[in-house]
Amino acid sequence: MVSDNEVMLSDQEIKNIILTKNIKTIFLQFIDINGKIKTLNMPAKQIDDILQNKVMFDGSSISGFRVNETMDLRIYPDKSTFLIFPFDFSNLRNSARFICDIHNSDGTPFDGCPRSNLKRIIKSSADAGYKMNIGPELEFFLFRTDENNNILNIAAESTGYYDLNRSNKYDEALINILVSLQKMGFEIDALHHEGAPFQHEIDLGYDDILKTADNIITFKFITKIIADNFGFKASFMPKPVYGQNGSGLHLNISITDVEGNNLFFDDSDANKLSETAYNTIGSLLKNIKGITAVLNPAINSYKRLVKDYEAPIYIVWSIVTRSALIRIPAKRGNSTRLELRSADCATNPYLAFAVLMQACVDGIRKNVEPPVPVEKNLFLLSGNEIRQRKIKSLPRNLFTALEEFEKSMVSRVALGDYIFNEFLSSKRIEWNEYRKQVTPWELEKYLDV
């Protein structure tokens with residue numbers, strides 16, 4: 001089994017593995033603009049066509065790719081992402097996968113492919129002398145389901161941080177997720193129960209932003225399948241349960257030079273942070289409103305970003321305060337990093353990392369200085385204190401986030417005109433659909449008025 005994404009196998013090596021492991025099906029996976037995993041399943045006997053980039057599909061059928069016209073697109077598998085699904089997945093036995101880039105029929109990269117776009121930003125940043133590494137912390141819910149896959153009793157537990165689960169089957173599912181990921185070559189730092197009932201967090205290891213984005217979509221795909229096999233539903237919805245904490249995607253970010261040397265550390269500074277680190281913090285705070293629609297792209301995202309549920313809402317940074325949008329974890333030296341705490345798992349990681357990389361490089365280039373850090377628990381500050389300190393807040397809903405996004409030059413440069421416009425159009429349609437809905441809460445509140 002190939003599990004190390006750093007190893008680029010030859011075509012013959014891949015074909016030998018397929019033959020030796022008796023692989024029957026190849027999953028060709030890619031991501032649409034809205035972050036959904038798309039899969040084309042092909043018989044393994046067509047591996048030559050797959051490896052020679054001969055597989056094509058109609059792009060007009062994919063949301064955000066091309067809405068009103070037929071467009072033949074070509075699938076380019078990234079051979080470094082080839083892996084075999086663990087054999088204890090009953091419905092994925094004898095299957096392997098590639099994560100793919102989408103190209104035009106003439107072989108040029110398709111402007112609407114989020115993964116190809118991230119590669120573009122990675123290259124332009126490397127040309128400027130910078131690389132970004134990210135270690136993601138993903139929060140998710142694992143709900144019980146009935147025989148029809150309907151969720152049961154979503155708020156009927158009292159478990160919290162680091163608690164043991166009350167069901168052996170629950171633990172068995174989580175252990176199966178952990179072991180399966182390790183078999184596929186994942187570096188797992190931790191897996192533990194989070195603050196809300198049925199909520200968990202997994203901390204994936206650090207890597208460059210392309211591999212980290214690949215790991216996030218693979219983790220979500222695998223977790224959903226294993227959960228289903230055990231009679232659970234894995235949900236990455238930002239706020240699935242009223243009155244409980246939502247699920248975030250905390251991003252531990254560092255900038256290195258092209259040789260991998262951490263550019264955030266400076267032993268002579270009082271905080272042990274370099275000018276590059278300060279410029280990065282300053283630029284992220286300056287541009288956060290304009291990139292929030294990418295980091296938090298769902299209507300539901302903004303029901304997590306509210307006071308009293310541990311999610312950040314104020315645009316400040318801190319050395320120690322976990323309620324800040326950006327905090328600086330204690331480790332220094334080559335482990336110096338910042339933690340951005342606002343994103344959630346509804347985001348498309350390829351788009352998210354593109355806008356973050358662009359914002360960071362823009363801040364370094366323009367020498368953007370951050371404001372003074374706030375070292376108080378922001379959740380305890382009154383409204384008057386917030387106003388006196390002139391502390392600004394994140395957008396309160398998707399509509400205002402899209403207004404900021406439309407004005408953001410960082411977002412437009414990071415995504416390119418095609419993705420920028422398609423994303424904006426798609427999300428405006430989503431907002432307009434939402435605002436026409438009549439919810440159960442409204443019926444209960446107003447029907448008898």
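All values below were derived from every heavy atom in this structure, side-chain atoms included, with hydrogens, water molecules and symmetry-related copies excluded.
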With a sphere of 6.0 Å drawn around NZ of Lys119, does it hold more than 12 non-hydrogen atoms of other residues, nucleotides or ligands? yes
Assign the ring pair His103 / Tyr76 to parallel, tilted or perpendicular, where the plane angle (0 to 90°) is split at 30° and 60°. parallel
From the options Ile253, Ile255, Ile122, select the one residue that forms a side-chain contact (heavy atoms from CB on, under 4.5 Å) with Met357. Ile255
Shortest non-hydrogen contact from Pro312 to Leu325? CB-CA, 3.8 Å
Which atom names give the shortest non-hydrogen contact between Gly248 and Cys345, and what distance separates them? O-SG, 4.1 Å
Identified side-chain contact (heavy atoms from CB on, under 4.5 Å) partner of Thr218 from the options Thr223, Ile99, Leu204: Ile99
Is the number of heavy atoms from other residues, nucleotides or ligands under 6.0 Å of Phe399 CZ greater than 12? no
Under a 3.5 Å distance rule, please check whether Asp269 uses its side chain to pair with a backbone N or O of Ser274 as donor and acceptor. no
Quick check on the 6.0 Å ring-centre criterion: do Phe143 and Phe141 meet it? yes
Distance only, no hydrogens: is a donor on one side chain within 3.5 Å (strictly under) of an acceptor on the other, for Asn397 and Thr400? yes
Assess whether atom NZ of Lys36 is packed by more than 12 heavy atoms of other residues, nucleotides or ligands within 6.0 Å. no
Within-4.5 Å side-chain heavy-atom neighbours: Arg97 and Phe221: no
Please report whether the ring centroid of Phe110 lies less than 6.0 Å from that of Phe30. no
For Ile299 and Leu398, the nearest pair of non-hydrogen atoms, with its separation, is CD1-CD2, 3.8 Å
May I ask you to decide if Leu249's main-chain N or O and Asp344's side chain share a donor-acceptor pair within less than 3.5 Å? no
Is the ring pair Phe27/Phe85 parallel, tilted or perpendicular, if the boundaries are 30 and 60 degrees? perpendicular
Looking at CZ of Arg327 and CH2 of Trp317, how far apart are the two atoms once the value is rounded to the nearest 0.5 Å? 13.0 Å
First locate atom CG of Asn300, then atom CG of Leu305, and finally report the distance between them rounded to the nearest 0.5 Å. 10.0 Å
Does Glu442 CD have over 12 foreign heavy atoms under 6.0 Å away? yes
Will you find, in the side chains of Asp417 and Asn421, an N or O donor that is under 3.5 Å from an N or O acceptor? no
Among Lys427, Lys289, Arg412, Arg428, exactly one meets salt bridge (Lys or Arg N to Asp or Glu O under 4.0 Å) together with Glu406. Which residue is that? Arg428
Is it true that atom OH of Tyr434 has more than 12 heavy atoms of other residues, nucleotides or ligands lying nearer than 6.0 Å? no
Between Ile315 and Ile391, the two heavy atoms sitting closest are N-CG2, 4.4 Å
Under 4.5 Å between any side-chain heavy atoms of Leu295 and Leu356, yes or no? yes
Please confirm whether the backbone N or O of Ser342 pairs with a side-chain atom of Asn296, one donor and one acceptor, at under 3.5 Å? yes
Parallel, tilted or perpendicular: which one describes the rings of Phe236 and Phe219, with boundaries at 30° and 60°? perpendicular
Within the structure provided, determine whether Ile216 and Thr212 are in side-chain contact (heavy-atom separation under 4.5 Å). yes
